[in-house]
Amino acid sequence: MMSTSSDKVHVDLTGPPQTMLDMVYARALDADSAQPILGDTYAKQLMAQVDYDTSKSPIAKQRRRQVTSIAVRGAQFDIWTRQFLANHDRPVVLQIGAGLDSRVFRVDPGPDVDWYDIDFPDVIALRERFYPTREHYHLVASSATDLSWLDSIPADRPALLIAEGVSMYLVESDGVGLLRRVVERFPAGEFQLDFWSRFGSKAMRKNNTVVRWSGSELGWAVDEPDDILSAVPGTRLIRAISVFEAETVQRLSKGYRRFARMASRTPVLRKIVQFHRYAF
């Protein structure tokens with residue numbers, strides 16, 4: 001999976017996990033820009049440790065567009081995560097498909113928060129290699145849809161499930177099953193997820209170089225919040241917005257903000273990538 005060349009680590013992954021370093025690379029590029037949106041300095045530090053040919057990354061080919069969308073999404077979910085933590089006592093955070101995301105360090109939750117990053121065993125091994133440990137921070141080596149991992153999580157506290165950049169790689173029945181199980185297990189909480197619309201999912205299969213390069217299969221697509229509300233009893237919509245309507249779009253350049261306003265008024269574009277937030 002990984003070997004050391006000189007003082008850098010070579011990472012060898014296939015399938016959806018292969019996109020992890022591209023996400024980190026995009027966040028590092030944002031952090032290096034004159035006006036960062038996310039400002040993920042942890043991503044910069046990680047990229048400095050990895051033997052990674054950025055010239056072959058799909059991000060390099062669609063640099064500005066990809067970096068912007070990834071940074072806007074990450075920053076928006078950071079805002080929502082902080083809001084949840086500010087309004088709940090002793091919560092647990094369940095970040096599925098955590099990859100190499102540094103959210104727990106960016107958000108820096110207080111000592112009453114237990115944070116769990118969940119991903120495949122080889123991904124968790126990488127997290128252990130690149131990130132430090134911290135109090136009340138737990139790594140869970142499991143597929144998110146193998147629901148037995150939930151048995152180890154305290155069930156008497158409010159829970160936040162974060163799934164950023166994950167839904168499109170799930171089979172719909174698995175995704176719905178996970179959400180239902182979380183509602184059943186915890187007394188209250190939230191889901192924070194992003195979805196591609198059905199139209200967007202088809203377009204991404206054809207045009208998204210990161211997806212095609214990794215050989216990923218795309219599955220779960222959602223057009224409206226009602227798709228979730230009807231499938232997962234006990235949920236209530238807090239907010240559903242287009243990527244173009246995110247608060248973090250205001251951190252973009254004037255030209256990008258102008259495009260976002262136009263896209264948010266175009267039905268097919270407005271729905272193409274959505275950020276959803278539900279209470280249960």
Side-chain angles (χ1 to χ4, degrees), residues 16 76-99 101 103-104 107 109-110 112-121 123-124 127 136-198 201 217-241 274-280:
Q76 185 64 52
F77 278 87
D78 280 4
I79 289 171
W80 284 357
T81 299
R82 290 188 178 101
Q83 289 174 351
F84 175 88
L85 296 179
N87 291 305
H88 293 82
D89 294 327
R90 298 181 61 250
V92 294
V93 178
L94 316 171
Q95 181 167 240
I96 66 170
D101 181 70
R103 175 163 289 114
V104 66
V107 172
D112 67 330
V113 178
D114 273 285
W115 187 296
Y116 298 81
D117 274 342
I118 300 100
D119 215 316
F120 294 107
V123 177
I124 294 300
R127 290 196 67 88
H136 305 288
Y137 175 50
H138 316 274
L139 297 173
V140 179
S142 174
S143 165
T145 56
D146 177 3
L147 301 184
S148 61
W149 66 265
L150 278 164
D151 296 339
S152 64
I153 312 297
D156 59 346
R157 300 158 63 179
L160 168 61
L161 177 80
I162 306 169
E164 180 190 352
V166 173
S167 66
M168 63 285 297
Y169 300 116
L170 299 180
V171 176
E172 181 175 350
S173 59
D174 287 341
V176 168
L178 171 62
L179 299 187
R180 287 177 176 173
R181 183 71 184 97
V182 170
V183 171
E184 292 167 358
R185 180 167 176 80
F186 297 96
E190 275 189 26
F191 302 138
Q192 298 177 6
L193 318 89
D194 62 309
F195 292 106
W196 286 79
S197 67
R198 290 175 176 84
S201 184
E217 294 292 329
L218 300 180
W220 195 11
V222 168
D223 285 335
E224 303 284 352
D226 282 347
D227 293 352
I228 301 299
L229 296 171
S230 61
V232 187
T235 53
R236 171 178 60 83
L237 179 67
I238 298 175
R239 196 170 181 209
I241 57 174
Q274 308 157 52
F275 305 155
H276 288 202
R277 188 176 179 184
Y278 300 87
F280 61 87

In this structure, CG of D119 is separated from CG of D101 (nearest 0.5 Å) by 10.5 Å
Taking all atoms of both residues into account, what is the closest heavy-atom pair of P225 and A240, and its distance? CG-CB, 3.6 Å
Shortest non-hydrogen separation from I241 to Q76 and the atoms involved: CD1-CD, 4.4 Å
Find the distance between CZ (F186) and CG (L160) and round it off to the nearest 0.5 Å. 10.5 Å
Taking R277 for its side chain and L193 for its backbone only, find out whether a donor-acceptor pair lies under 3.5 Å. no
Let me confirm one number: the CD-CG distance from E190 to L85, rounded to the nearest 0.5 Å. 9.5 Å
Under 3.5 Å, side chain of Q274 to main-chain N/O of V222, donor-acceptor pair present? yes
Residue pairs meeting side-chain hydrogen bond (donor to acceptor under 3.5 Å, both in side chains), one or both in residues 225-235, sequence neighbours left out, come to R198-D227
Can you confirm whether D89 is buried at CG, in the sense that more than 12 heavy atoms of other residues, nucleotides or ligands lie under 6.0 Å from that atom? no
Check whether any side-chain N or O of R127 sits under 3.5 Å from a backbone N or O of L139 as a donor-acceptor pair, and report yes or no. no
Would you please test F280 and V232 for side-chain contact (heavy atoms from CB on, under 4.5 Å) and show each step? CA-CA 10 Å; F280 61 87; V232 187; over 6 Å; no
In residues 90-98, what donor-acceptor pairs under 3.5 Å come from side-chain atoms, sequence neighbours left out?
{"unit_1": "Q95", "atom_1": "OE1", "unit_2": "R103", "atom_2": "NH1", "d": "2.7"}
{"unit_1": "Q95", "atom_1": "NE2", "unit_2": "D117", "atom_2": "OD1", "d": "2.9"}

Holding to salt bridge (Lys or Arg N to Asp or Glu O under 4.0 Å), I want the full list of residues that pass it with R239, two or more places apart in sequence or in another chain. E247
Taking all heavy atoms of P187 and all of P158, pick out the closest pair and write down the distance. CG-N, 4.3 Å
Got a second to check how far H136's NE2 is from Y116's OH, nearest 0.5 Å? 10.5 Å
When rounded to the nearest 0.5 Å, the distance separating OG of S167 from CH2 of W196 is 10.0 Å
If every non-hydrogen atom of R181 is compared with every non-hydrogen atom of L147, which pair is closest and at what distance? CB-CD1, 3.8 Å
Out of curiosity, R157 CZ to D112 CG, how far, rounded to the nearest 0.5 Å? 7.5 Å
For A279, give me all partners under side-chain contact (heavy atoms from CB on, under 4.5 Å), at least two apart in sequence or on another chain. R236, I238
Please examine the side chains of W115 and T81, heavy atoms only from C-beta on, and report whether any two atoms are closer than 4.5 Å. yes
Any residue meeting side chain to side chain donor-acceptor pair (under 3.5 Å) with H138, in chain and number order, not counting sequence neighbours: D114
Side chain proximity check, W80 to F275, heavy atoms < 4.5 angstrom: yes
Just wondering, do D194 and M168 contact through their side chains at under 4.5 Å, heavy atoms? yes
Could you pull out every donor-acceptor pair under 3.5 Å between side chains of residues 170-180 and any protein atom, sequence neighbours left out?
{"unit_1": "R180", "atom_1": "NE", "unit_2": "A231", "atom_2": "O", "d": "2.6"}
{"unit_1": "R180", "atom_1": "NH2", "unit_2": "A231", "atom_2": "O", "d": "2.8"}

